[in-house]
Amino acid sequence: MAASRALSTFRLPPLPTIREIIKLFRLQAAKQLSQNFLLDLRLTDKIVRKAGNLTDAYVYEVGPGPGGITRSILNAGVAELLVVEKDSRFIPGLQMLSDAAPGKLRIVHGDVLTFKIEKAFPESLKRRWEDDPPNVHIIGNLPFSVSTPLIIKWLESVSQRDGPFAYGRTQMTLTFQKEVAEVDVGVVHFTPLTQPRIEQPFKLVEKVVQNVFQFRRKYCHRGLGMLFPEAQRLESTGRLLQLADVDPTLRPRQLSVSHFRSLCDVYRKMCDEDPHLFAYNFREELKRSKCKNQEKEVARDSHRL
């Protein structure tokens with residue numbers, strides 16, 4: 001009990017402010033990486049509180065930068081904080097935090113897209129998927145440039161129950177940045193469901209969703225049509241929408257989870273009927289068509305000469 005109270009009452013000693021750290025190490029937000037520094041510790045404390053009770057928790061922070069959210073996490077009484085930072089400019093400032101919190105902060109200079117988190121924390125933390133979430137949390141201030149590929153990677157990990165979700169239904173508290181100069185930041189808290197709402201392979205669901213939203217301003221039938229070869233596109237798209245009972249004039253943002261579930265279920269049946277369908281990529285067909293047209297033009301020009 002005494003050890004638990006010691007953990008929960010831990011506070012960082014007086015340190016240079018984030019603004020002072022930025023000046024000390026001559027740090028600048030890299031526009032090409034969509035970076036933004038959160039300087040107000042009241043804001044970072046508020047973000048961390050969205051994660052819930054972190055007392056004795058094991059936390060994985062992605063993209064800590066100069067360490068604003070990192071400080072708030074450490075002050076929340078965590079058992080251990082692991083940070084993964086790709087930008088070497090931030091390592092010295094993070095090391096200063098590590099020195100101020102002996103045994104509580106681990107720093108990895110690496111890429112969150114390739115880092116293997118599943119063996120980073122004790123095996124004893126693992127929980128069955130049907131149980132309550134483990135005492136493991138992911139927290140991060142995600143720049144726009146990395147947020148989409150990272151979320152897609154984690155969603156696939158949820159479906160396969162690996163990566164951060166090898167411990168169970170690991171909770172995520174993430175901020176998403178919209179701009180660099182005038183930042184619009186949103187905080188989202190995720191907890192994986194015990195049962196998926198769409199019970200199909202992740203890659204199939206991803207393909208359907210991506211095709212729908214590639215024409216986000218058009219009617220949904222436009223993107224869904226790209227699931228099928230041009231020769232059968234009109235007929236197959238109509239069949240997909242009819243069997244899924246989806247209005248073809250709905251726009252992508254008007255489609256509900258129920259709509260996507262029906263579309264994925266029907267598309268899966270169509271792929272089972274035609275084993276080559278899932279491998280179809282309309283961009284590859286378009287490239288082949290362009291190459292053929294170019295070859296015909298070259299042949300015509302050669303004939304004229």
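Everything quoted here is computed from the prediction, not taken from an experiment. Sequential numbering from 1 along the given sequence is applied to the chain's residues.
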For the hydrophobic clusters of this structure (ILVMFWY residues joined by side-chain heavy atoms under 4.5 Å, transitively), does one cluster hold both [X] and [Y]?
X: V266; Y: L255; value: yes
X: Y219; Y: V209; value: no
X: I73; Y: L43; value: yes
X: L15; Y: V83; value: yes
X: V112; Y: I151; value: yes

Between [X] (side chain) and [Y] (backbone), is there a donor-acceptor pair under 3.5 Å?
X: S159; Y: E156; result: yes
X: R127; Y: S124; result: yes
X: E20; Y: T17; result: yes
X: R161; Y: A166; result: no
X: R106; Y: A120; result: yes
X: Y167; Y: F121; result: yes
X: R268; Y: Q200; result: no
X: K153; Y: L113; result: yes
X: N141; Y: I69; result: no
X: Q254; Y: R251; result: yes

If you count every heavy atom of other residues, nucleotides or ligands that lies below 6.0 Å from [X] atom [atom1], does the total exceed 12?
X: E273; atom1: CD; result: yes
X: K126; atom1: NZ; result: yes
X: I152; atom1: CD1; result: yes

Side chains of [X] and [Y]: closer than 4.5 Å at any heavy-atom pair?
X: L174; Y: V187; value: no
X: H137; Y: T170; value: no
X: V212; Y: F260; value: yes
X: H109; Y: S88; value: yes
X: E85; Y: V108; value: no
X: V84; Y: V62; value: no
X: P252; Y: F213; value: yes
X: M270; Y: L277; value: yes

Review point. Does the pair T55 and F10 meet the rule for a side-chain contact (heavy atoms from CB on, under 4.5 Å), with working shown?
Key: CA-CA 10 Å; T55 303; F10 173 84; over 6 Å; no
Exercise for review: Begin with the C-alpha distance, continue with both residues' side-chain angles, and end with the deciding distance and a verdict on side-chain contact (heavy atoms from CB on, under 4.5 Å) for L81 and E61.
Suggested key: CA-CA 7 Å; L81 171 58; E61 184 187 2; 3.9 Å; yes
Practice item. Show the numbers, then the answer: is there a side-chain contact (heavy atoms from CB on, under 4.5 Å) between I47 and S72? Key: CA-CA 9 Å; I47 291 170; S72 295; over 6 Å; no
Review point. Quick one: hydrophobic cluster around Y280, which other residues, with the 4.5 Å side-chain cut-off, linked directly or via members?
Key: F215, M226, F282
Review point. Under a single-linkage rule joining Ile, Leu, Val, Met, Phe, Trp and Tyr whose side-chain heavy atoms are separated by less than 4.5 Å, which residues share a cluster with L193?
Key: none
How long is the straight-line distance from [atom2] of [Y] back to [atom1] of [X], given to the nearest 0.5 Å?
X: E130; Y: T194; atom1: CD; atom2: OG1; result: 7.5 Å
X: R288; Y: E284; atom1: CZ; atom2: CD; result: 6.0 Å
X: L105; Y: Q95; atom1: CG; atom2: CD; result: 8.0 Å
X: K207; Y: Y267; atom1: NZ; atom2: OH; result: 3.5 Å
X: D45; Y: R71; atom1: CG; atom2: CZ; result: 11.5 Å
X: N211; Y: L227; atom1: CG; atom2: CG; result: 4.0 Å

Heavy-atom pair of closest approach, residues [X] and [Y]:
X: F90; Y: G65; value: CB-O, 3.3 Å
X: T70; Y: P64; value: OG1-CB, 3.3 Å
X: A57; Y: V78; value: O-CB, 3.4 Å
X: L41; Y: T44; value: O-OG1, 3.0 Å
X: D56; Y: A79; value: O-CB, 3.4 Å
X: I22; Y: P66; value: CG1-CB, 4.4 Å

Side chains of [Y] and [X]: any donor to acceptor distance under 3.5 Å?
X: H189; Y: Q171; result: yes
X: D245; Y: Q242; result: no
X: N281; Y: E285; result: no

Check your understanding: Should L82 and V59 be marked as a side-chain contact (heavy atoms from CB on, under 4.5 Å) after you check the CA-CA gap, both sets of side-chain angles, and the distance that decides it?
Key -> CA-CA 6 Å; L82 168 66; V59 179; over 6 Å; no
